[in-house]
Enquirer: 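Let me give you the structure first, and then I'll get to my questions.
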Amino acid sequence: MTLSAIRPPSFPWFPYEGFTFCLGLAEGETAWTSGHTAASHDPAIGKMTVDGSMEQQARTAYEKVLTILAGAGLGPGDVTRITENVTLAGLPEYEAAAAVRRELFGEHQPTLRTVVVDRLVRRAALLEVELHAVAGGGKELRAASEARDAGTWAASPVREGHDGAVYLPTMIPVDASGEVVAPGDFVGQYRYCLEQADVLLRQAGLSLDDAVTTYDYSTPETRSVYRKTHRVRKELLGGAGVYPGAGGILMSRLHHPDQLVAIDVTASRHPLELVNPGWSRYDTLTYAPGVRAGRTLYMSGFAALDMETQEALHPDDIGAQAEATYGAILHLLKHESLDATHLLETTEYCVESALPDYRAVAAVRERLLSPPWPASTGAICAGLLRPEFLLEVFPTALYPEEG
């Protein structure tokens, strides 16, 4: 069985052919959507537009992704994980989006990841929604009712989805009373988030030893002390001999104004296998370029880095950076006898200063990637850990079924 693009019989928001991403991908009774906002094509002006309140935008975004799921024969009760990218402009109204989600999903509660982003590609967009789904909705490993009471952000279950993937809600440094832990202490907050992830995983019969990715979001002022997380990661991760893939994005602020970090952790039921095509830089790092678990290849975030010299490539040229970034991803895929057709998802983070030239990335994707095109999501950030970087990509791929 191979990945195929989902083509719903009706998708009135915009003509979706001709892009370097698909609406969503399906394999059997499993589906992954791209991230979608409330944007729609306005034929009067020949452009995509988005407007409305947070509630209105949330309804449209969810209608779009659920229409895509329906094209794969799946519905709200089959969703295993929701990712909501909420903008700084939309943050004060976020509860309106949460209310829409609760209304649409009812008693079925997928795992919820909430990523606070500086903005989305379309400035007026307040929310972007992405779904993972498998027939039957996967297995709930920890109910939302058992979550610590830290408000909207913590009200999410832990759920197992496709190919043994175990999804955790976004880890934030907020305790049971709703107070921010270790105010002003980035490393302390980072430790707290990973330790809380371990608590959730142990309740599901796993631990941080089973983590396949840790994607973290911090603020620009943490860049100078970010290296200090190495000791925490070395202590808490990689206990089974394989460090997870990782990525780090800088946002102007996060869920709480005193919060310095948020971490999204995914784990797997399968044994982990390090995937490295020979890049020696990873020998001393606390993350891996790739981790195979079952049929899934989880990868670290990639940017335009020379893997031998550690030099950041092509400063001020996002098109050339995209070429180097996707080139590294394809090199890793080739090492595993995979190619662009096996790419399941890409999440692109573009630095806001490079947004006027972001279209150059689509031209690179068109050259280097191929149909059915990965499910793709994009957001705008304040910066990346290396100030020279303009783009970072979080990719995931799927190995073909054996036999």
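Heavy-atom basis, side chains included; hydrogens, waters and symmetry copies ignored.
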Enquirer: Determine whether a donor-acceptor pair (N or O, by modelled atom type, separation under 3.5 Å) exists between the side chain of Thr341 and the backbone of Asp339.
Expert: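 The answer is no, because no donor-acceptor pair under 3.5 Å joins these two groups.
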Enquirer: I'd like to check Leu305 versus Phe389 (side-chain heavy atoms, cut-off strictly below 4.5 Å). Are they in contact?
Expert: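 The answer is yes, as the side chains (C-beta and beyond) meet within the 4.5 Å cut-off.
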Enquirer: If only atom types and distance count, is the side chain of Asp210 paired as donor or acceptor with the main-chain N or O of Ala267 below 3.5 Å?
Expert: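 Absent.
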Enquirer: For a 4.5 angstrom cut-off between non-hydrogen side-chain atoms, does Thr377 reach Asn85?
Expert: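 Answer yes - side chains close enough.
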Enquirer: What's the spacing between Tyr298 OH and Asp163 CG if we round to 0.5 Å?
Expert: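 The distance works out to 6.0 Å.
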Enquirer: Donor-acceptor check, side chain of Lys234 to backbone of Thr286, threshold 3.5 angstrom: yes or no?
Expert: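 No; judged by distance alone, with no hydrogens or angles, the pair does not exist.
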Enquirer: Does Arg281, at its CZ atom, have more than 12 non-hydrogen atoms belonging to other residues, nucleotides or ligands within less than 6.0 Å?
Expert: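 Result for CZ/Arg281: enclosed.
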Enquirer: For Thr60 and Ala38, indicate whether the former's side chain and the latter's backbone hold a donor-acceptor pair under 3.5 Å.
Expert: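 No; judged by distance alone, with no hydrogens or angles, the pair does not exist.
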Enquirer: Without hydrogens or angle criteria, can the side chains of Tyr167 and Arg113 be said to hold a donor-acceptor pair below 3.5 Å?
Expert: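 Note: Tyr167 and Arg113 side chains miss the donor-acceptor criterion.
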Enquirer: For side-chain contact (heavy atoms from CB on, under 4.5 Å), just list the numbers for Leu398 and Glu27, CA-CA rounded to whole Å, side-chain angles, deciding distance to a tenth of an Å, and then say yes or no.
Expert: CA-CA 10 Å; Leu398 194 65; Glu27 186 193 58; 3.7 Å; yes
Enquirer: Could you point out which residue of Leu23, Ile6, Leu69 forms a side chain to side chain contact (heavy atoms under 4.5 Å, CB included) with Thr33?
Expert: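 Option passing the side chain to side chain contact (heavy atoms under 4.5 Å, CB included) with Thr33: Leu69.
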Enquirer: Report yes if the side chains of Met54 and Leu127 come closer than 4.5 Å at any heavy-atom pair, otherwise no.
Expert: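 Result yes, sub-4.5 Å side-chain heavy-atom pair found.
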Enquirer: Looking at Leu168, Ile172, Asp216, which one forms a side chain to side chain contact (heavy atoms under 4.5 Å, CB included) with Ile263?
Expert: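 Testing each of Leu168, Ile172, Asp216 against Ile263, the sole residue satisfying side chain to side chain contact (heavy atoms under 4.5 Å, CB included) is Asp216.
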Enquirer: Applying side-chain contact (heavy atoms from CB on, under 4.5 Å), run through Val117 and Met251 and close with a yes or a no.
Expert: CA-CA 6 Å; Val117 300; Met251 301 297 182; 3.7 Å; yes
Enquirer: Check whether any side-chain heavy atom of Leu66 lies under 4.5 Å from a side-chain heavy atom of Leu131, and answer yes or no.
Expert: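 Yes - at least one pair of side-chain heavy atoms lies under 4.5 Å apart.
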Enquirer: I'd like to know if the side chain of Gln57 and the backbone of Ala124 have a donor-acceptor N/O pair within less than 3.5 Å.
Expert: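 Confirmed, Gln57 side chain pairs with Ala124 backbone.
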Enquirer: Does Glu95 come within less than 4.0 Å of Arg102, counting only side-chain N to carboxylate O?
Expert: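 Yes, charged N to carboxylate O under 4.0 Å.
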Enquirer: Just by distance, do the side chain of Gln259 and the backbone of Val174 share a donor-acceptor pair under 3.5 Å?
Expert: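 Not a single qualifying donor-acceptor pair exists.
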Enquirer: With a 4.5 Å cut-off on side-chain heavy atoms, are Thr214 and Tyr287 touching?
Expert: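 No, side chains not in contact.
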Enquirer: Regarding Thr170 and Asp264, do their side chains bring together a donor and an acceptor under 3.5 Å, going by distance alone?
Expert: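 Judged by distance alone, the side chains do pair up.
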Enquirer: Would a distance-only check, ignoring hydrogens and angles, find a side-chain to backbone donor-acceptor pair under 3.5 Å from Asp175 to Val181?
Expert: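 The answer is no, because no donor-acceptor pair under 3.5 Å joins these two groups.
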Enquirer: Between Thr219 and Glu221, is any side-chain donor less than 3.5 angstrom from a side-chain acceptor?
Expert: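 Checked: Thr219/Glu221 side chains pair up, N/O donor to acceptor below 3.5 Å.
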Enquirer: Before you tell me yes or no, could you show the steps for Met171 and Leu194 under side-chain contact (heavy atoms from CB on, under 4.5 Å), namely the whole-Å CA-CA distance, both residues' side-chain angles and the distance that decides it to 0.1 Å?
Expert: CA-CA 8 Å; Met171 296 289 101; Leu194 286 183; over 6 Å; no
Enquirer: Answer yes when Glu55 and Arg59 have at least one side-chain N-carboxylate O distance shorter than 4.0 Å, and no when they do not.
Expert: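 Yes, this pair counts.
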Enquirer: Mind checking the NE2-OG1 spacing from His132 to Thr266? Nearest 0.5 Å is all I need.
Expert: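 So the NE2 of His132 and the OG1 of Thr266 are separated by 8.5 Å.
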Enquirer: Quick one: does Arg231's side chain have a donor or acceptor within less than 3.5 Å of a partner on Arg233's backbone?
Expert: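 Side chain of Arg231 to backbone of Arg233: no pair is present.
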Enquirer: Assess whether side-chain contact (heavy atoms from CB on, under 4.5 Å) is satisfied between Val180 and Gln189, documenting all intermediate values.
Expert: CA-CA 9 Å; Val180 171; Gln189 291 189 11; 3.5 Å; yes
Enquirer: Name the one of Arg269, Lys139, Arg142 that satisfies salt bridge (Lys or Arg N to Asp or Glu O under 4.0 Å) with Glu160?
Expert: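 Exactly one pass, corresponding to Arg269.
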Enquirer: Before we go on, tell me: are the rings of Trp32 and His162 under 6.0 Å apart, centre to centre?
Expert: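 Between Trp32 and His162, the centre distance is under 6.0 Å.
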Enquirer: In Å and rounded to the nearest 0.5 Å, what is the CE to NE2 distance from Met307 to His331?
Expert: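 The CE atom of Met307 sits 8.5 Å away from the NE2 atom of His331.
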Enquirer: A side-chain contact here means heavy atoms from C-beta on lying under 4.5 Å apart; do Leu250 and Arg223 qualify?
Expert: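 Answer yes - side chains close enough.
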Enquirer: Is any side-chain heavy atom of Leu369 less than 4.5 Å from a side-chain heavy atom of Thr20?
Expert: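 No; the side chains remain at least 4.5 Å from each other.
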Enquirer: Could you state the interatomic distance from CG (Leu254) to OG (Ser218), rounded to the nearest 0.5 Å?
Expert: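 Output value for this atom pair is 7.5 Å.
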Enquirer: Roughly how far, to the nearest 0.5 Å, is the OG1 atom of Thr222 from the CG atom of Asp185?
Expert: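 Asp185 atom CG to Thr222 atom OG1 measures 12.0 Å (nearest 0.5 Å).
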Enquirer: What distance separates Glu128 CD from His36 NE2, expressed to the nearest 0.5 Å?
Expert: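 Glu128 CD to His36 NE2: 8.5 Å, rounded to 0.5 Å.
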Enquirer: Please check if the side chain of Thr111 supplies one atom and the backbone of Arg159 the other of a donor-acceptor pair under 3.5 Å.
Expert: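 Yes.
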Enquirer: Within a 6.0 Å radius of atom CZ on Arg123, are there more than 12 heavy atoms belonging to other residues, nucleotides or ligands?
Expert: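 Counting other residues, nucleotides and ligands, CZ of Arg123 stays at 12 neighbours or fewer.
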Enquirer: Describe, in one word, how the ring planes of Phe105 and Tyr62 are oriented to each other, choosing from parallel (under 30°), tilted (30 to 60°) and perpendicular (over 60°).
Expert: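 The arrangement is perpendicular - the two ring planes meet at more than 60°.
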Enquirer: Is there a side-chain contact between Glu235 and Arg191 in this structure, where contact means two heavy atoms from C-beta onward sitting under 4.5 Å apart?
Expert: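 Yes. Closest side-chain heavy atoms under 4.5 Å.
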Enquirer: Between Ser40 (side chain only) and Trp13 (backbone N and O only), is there a donor and an acceptor less than 3.5 Å apart?
Expert: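 The answer is no, because no donor-acceptor pair under 3.5 Å joins these two groups.
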